[in-house]
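Read through the structure below, which is laid out as structure tokens, and then see the notes.
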Amino acid sequence: DAKTTQPNSMESNEEEPVHLPCNHSTISGTDYIHWYRQLPSQGPEYVIHGLTSNVNNRMASLAIAEDRKSSTLILHRATLRDAAVYYCILRAYSSNTGKLIFGQGTTLQVKP
Amino acid sequence: EPEVTQTPSHQVTQMGQEVILRCVPISNHLYFYWYRQILGQKVEFLVSFYNNEISEKSEIFDDQFSVERPDGSNFTLKIRSTKLEDSAMYFCASSEVGTTDTQYFGPGTRLTVL
């Protein structure tokens, strides 16, 4: 499975945008880029995913580099509730089991 | 909104005892998973289950572990003889149709082995 690299931690101020980077230089053409997050003392939670084009949903936006070797999760206005560990995960389109491989992720702190 | 539920929220057991962790996946989902997270470490995949059989298991999922879907709603993880190192949060997840679908996680069961 292709590997991703994320900063260990980031800080943001409440109501400001946050850009969480992810490097995945060995991504293959059929790998989807997924983001999950884990709020304190909770199970992981899906955030967003994409293949090539930028994606938006009610939680966040995903910007994917043209060469797909990196991506950025964008939280447009961070709230205290967004403090969590954010995981960037590659999932092969042809996967026959669906397992998610979590790295250490980025711990996001949001300051009031 | 439908959600995955897990019981109990916290289980304390003695080393060598059997434990069964229970999960109720979202009702129309077909793929089921167990993950664990040792305190302070990353979330680790244990096993995936589809069509009443294991589709993949990790190295962690040895002969001490088993999974079952005993009826149409529950999905269980059994640890036959618990060890101290089995102490962790155990998360159940389910997805609707395909293996690349979004996985929905439960709140977890904290297992403490004494």
Side-chain angles (χ1 to χ4, degrees), chain A residues 1-9 22 24 27-52 55-60 62 73 84-108, chain B residues 1-7 9-10 21 23-26 29-51 53-61 67 88-110:
Chain A
D1 296 294
K3 188 176 165 64
T4 62
T5 305
Q6 299 178 252
N8 288 334
S9 62
C22 180
H24 28 78
I27 191 170
S28 75
T30 56
D31 284 338
Y32 282 80
I33 302 158
H34 285 245
W35 284 81
Y36 281 73
R37 72 180 184 180
Q38 188 174 20
L39 301 173
S41 302
Q42 294 190 28
E45 171 187 41
Y46 168 79
V47 178
I48 200 166
H49 76 281
L51 183 63
T52 56
V55 184
N56 300 298
N57 67 18
R58 64 176 177 81
M59 290 180 71
L62 176 60
L73 178 70
V85 181
Y86 287 79
Y87 301 100
C88 170
I89 300 171
L90 300 184
R91 300 186 74 190
Y93 179 78
S94 58
S95 168
N96 61 359
T97 70
K99 69 180 179 185
L100 292 171
I101 300 177
F102 290 83
Q104 296 294 344
T106 296
T107 299
L108 176 66
Chain B
E1 188 173 322
E3 56 184 19
V4 176
T5 59
Q6 292 185 242
T7 53
S9 57
H10 190 188
L21 309 183
C23 168
V24 179
I26 294 173
H29 285 191
L30 301 178
Y31 291 80
F32 313 109
Y33 309 86
W34 283 101
Y35 295 82
R36 80 169 187 192
Q37 186 174 32
I38 295 170
L39 186 64
Q41 297 187 24
K42 59 186 181 182
V43 178
E44 300 174 289
F45 167 77
L46 290 179
V47 65
S48 58
F49 190 87
Y50 169 70
N51 200 25
E53 59 183 29
I54 291 173
S55 42
E56 185 175 0
K57 58 184 180 180
S58 71
E59 291 178 356
I60 303 167
F61 195 89
V67 289
M89 282 291 287
Y90 288 81
F91 296 107
C92 172
S94 68
S95 63
E96 187 172 1
V97 177
T99 53
T100 53
D101 280 349
T102 297
Q103 290 184 21
Y104 295 85
F105 285 77
T109 292
R110 178 172 298 284

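Residue numbers begin at 1 in each chain, while the letters A, B, ... track the order of the sequences.
- Interface remark: B/Y35 contributes side-chain atoms only to the contact with chain A (heavy atom separation under 4.5 Å).
- Residue with the most contacts toward chain B among A/E45, A/Q104, A/Q42, A/Q38: A/Q38 (heavy-atom pairs, distance under 4.5 Å).
- Every residue two or more places apart in sequence or in another chain was checked for a side chain to side chain donor-acceptor pair (under 3.5 Å) with A/N57, and none qualifies.
- Residues that satisfy the ring-ring contact (aromatic ring centres under 6.0 Å, His included) test with A/Y86, not counting sequence neighbours, are absent from this structure.
- A donor-acceptor distance shorter than 3.5 angstrom exists from the side chain of A/Q6 to the backbone of A/C88, with no hydrogens or angles considered.
- Within the 4.5 angstrom heavy-atom criterion, no atom of B/E44 approaches chain A.
- Side chains of B/E56 and B/Y50: no donor on one and acceptor on the other come within 3.5 Å.
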